[in-house]
Amino acid sequence: MGQRTKIKALLESEQTDIEVVVKGWVRTFRNNQFIALNDGSTNNNIQIVVDFENTDAALLKRITTGAAISVTGILIASLGKGQKVEVKATEVEILGDSDPEKYPLQPKKHSLEFLREIAHLRFRTNTFGAIFRVRNSLSFAIHQFFQERGFVYLHTPIITASDAEGAGETFHVTNFDLANPPKTETGEIDFSQDFFARPTNLTVSGQLEGELAAMALSDIYTFGPTFRAENSNTTRHLAEFWMIEPEMAFYDLNDNMDLAEALLKYVIAYALDKNKEDIEFLSQRLEEEEKQKPQAERSEMNLLQKLEFCLNNDFERVTYTEAIDILKESTPNKKKKFQYLVEGWGTDLQSEHERYLVEKHFKKPVILTDYPMEIKAFYMRQNDDGKTVRAMDVLFPGIGEMIGGSQREERLDKLEQRMDEMGIPKEELWWYLDTRRFGACPHAGFGLGFERLVLFVTGMGNIRDVIPFPRYPKNAEF
RNA sequence: UCCUGAGUAGCUCAGCCGGUUAGAGCAUCUGACUGUUAAUCAGAGGGUCGCUGGUUCGAGCCCAGCCUCAGGAGCCA
């Protein structure tokens, strides 16, 4: 018995009439003789032809949807239509049975909601096979992009003590017996007896630590899990998600934007090249889904066209102030179609405003910059006008904010002043402020939400479908 | 957390104005057929109508509370 060959290689094989061994999971078994077999190497199945008249009936009965089998046979040019090659089986071995009365996946369309409930099995569907192969490629491409440019991959801590970053609600980390935690004399929980001798939580961002490393290594990036305990119930938020956070010394905001745009284009192009078939499958899947919708709600471009369009056009770069002017003069604002009307300068943009700018006005990715200081984080570099900061948000159609970043405030006095104003405890972040005391330099960085990127490239509608086992309020199954 | 909608067979869904034994397609099982493409044909089995309580002679249907899911909003990546 020879080595097993993956189905992707078999389907691409130039040679036929050779003996092969294939292993995989049965998708369908038609007519008591045709097995559609898949091993995840490609979305396409290989057809196994069983000589049912000379095969034990008890064995045939065990070839059911979901069963794991090993097939030895001859790879031949297919005698039927619909596929180029097929495997004429000489031996079929059942590696793992799959009780058809209990196996939940059927050879038919299932709703994404149902598949979410059986996330441990949804890998076995065409859609999720494609999604996770694309996710893999995007992940690899991100490393390749940064490695080609001399960035250092930095592992920032998952457990942090500072709760001062203001990036959101945190999950606490402790080894206390929660039913009976040590108390101080005044009746409060005594964290001095906890594992780290202080309150700790899961990271909400590796940025502050990333900045420390950039102040020596020049260009670094992180790519790791991030945790937010916000009670967010949307199609674009998770409690546990993966984030890419590059941080570059001697970069200003323009350099930052250039890098962000280059990164996104690089990884999208990479996935289009490596996962053409998967993305084509997802594109077709979307088109069929769209046929259910009324004409007016269908998108103008299919998924492939959207991705190509994104590659071939410069992202629009607009300041917050310019964006407000555009929105003020926009038809939906004048006709009072917006739920939140745009009247003055200074408030944050609502989802509907971002969507109007990206999907209706510019019709391409938009980078908004120079937001009002009041609505942005303390570490963003202040502009000379005294009211805006060098922030940037990269907005994508259908997704909203894909990237959030800024040039960082490197001037100690400005930074401390802002921390005081916003009530950020300077003592806790002494180590962060030290970088401004010793060899401070202009620098910038951003955070890219990995699942939002996967969402865009796969064309999926819910972020819970582009991560293997999503964590969100009231859900940590699997 | 807020707004809207939904929860009926393994899956997708229908179920009239509150009225007899709750239906269909697919899946499953049995049989037939055997170059099929989510095979086809015939037959069969399969239900705590999300949960709890209430109204009523009678509730899948009406009311209240709760749970879960979806979409939108907020928080953000």
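Just the heavy atoms: all of them, side chains too, but no hydrogens, waters or symmetry mates, feed the values below. Throughout, a chain's letter reflects where its sequence line sits, starting with A, and its residues are numbered from 1. All values derive from a computational prediction rather than experimental measurement.
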Legend entry - Base B:rC76 paired with A:Arg452 side chain (donor-acceptor, <3.5 Å): yes
Legend entry - Sugar-phosphate, base or nothing in reach of A:Gln83, heavy atoms under 4.0 Å: base
Legend entry - Donor-acceptor pair (no angle test) under 3.5 Å: A:Glu53 side chain, B:rU34 base: no
Legend entry - Polar side-chain contact A:Gln47-B:rU36 base: donor and acceptor under 3.5 Å: yes
Legend entry - Integer-rounded Å distance: B:rC69 C1' and A:Leu115 CG: 14 Å
Inset, instruction - Sequence neighbours left out, what passes salt bridge (charged side-chain N to carboxylate O under 4.0 Å, His left out) with A:Asp56? Give chain and number order. - result: none
Inset, instruction - Can you figure out which of B:rA38, B:rA70, B:rG10 approaches the side chain of A:Arg116 most closely? - result: B:rA70
Inset, instruction - Remember a base hit wins even if backbone is also touched, and classify A:Phe114 as base, sugar-phosphate or nothing at under 4.0 Å, heavy atoms. - result: sugar-phosphate
Legend entry - Distance-only donor-acceptor test, A:Asn233 side-chain atoms vs B:rU1 base atoms, 3.5 Å: yes
Inset, instruction - Tell me whether the OP1 or OP2 atom of B:rA73 has a side-chain N or O from A:Arg236 closer than 4.0 Å. - result: yes
Legend entry - Side-chain donor/acceptor contact of A:Glu86 with base of B:rG35 under 3.5 Å: yes
Legend entry - Paired and unpaired positions of RNA chain B as dot-bracket, Watson-Crick or G-U wobble under 3.5 Å, | denoting a partner strand: (((((((..((((.....[...)))).(((((.......))))).....(((((..]....))))))))))))....
Legend entry - N or O in side chain of A:Arg30 less than 4.0 angstrom from B:rA39 OP1/OP2: yes
Legend entry - Distance test, side-chain N/O of A:Thr234 to OP1/OP2 of B:rC76, below 4.0 Å: no
Inset, instruction - Give a yes/no on whether any side-chain N or O of A:Lys61 is located under 4.0 angstrom from OP1 or OP2 of B:rU30. - result: yes
Inset, instruction - For A:Ile244 and B:rA77, give me the distance from atom CD1 to atom C1', rounded to whole Å. - result: 10 Å
Legend entry - Spacing of A:Asp99 atom CG relative to B:rG10 atom P, expressed in whole Å: 14 Å
Inset, instruction - Report yes if a side-chain nitrogen or oxygen of A:Ser351 is closer than 4.0 Å to either non-bridging phosphate oxygen (OP1 or OP2) of B:rG72; otherwise report no. - result: no
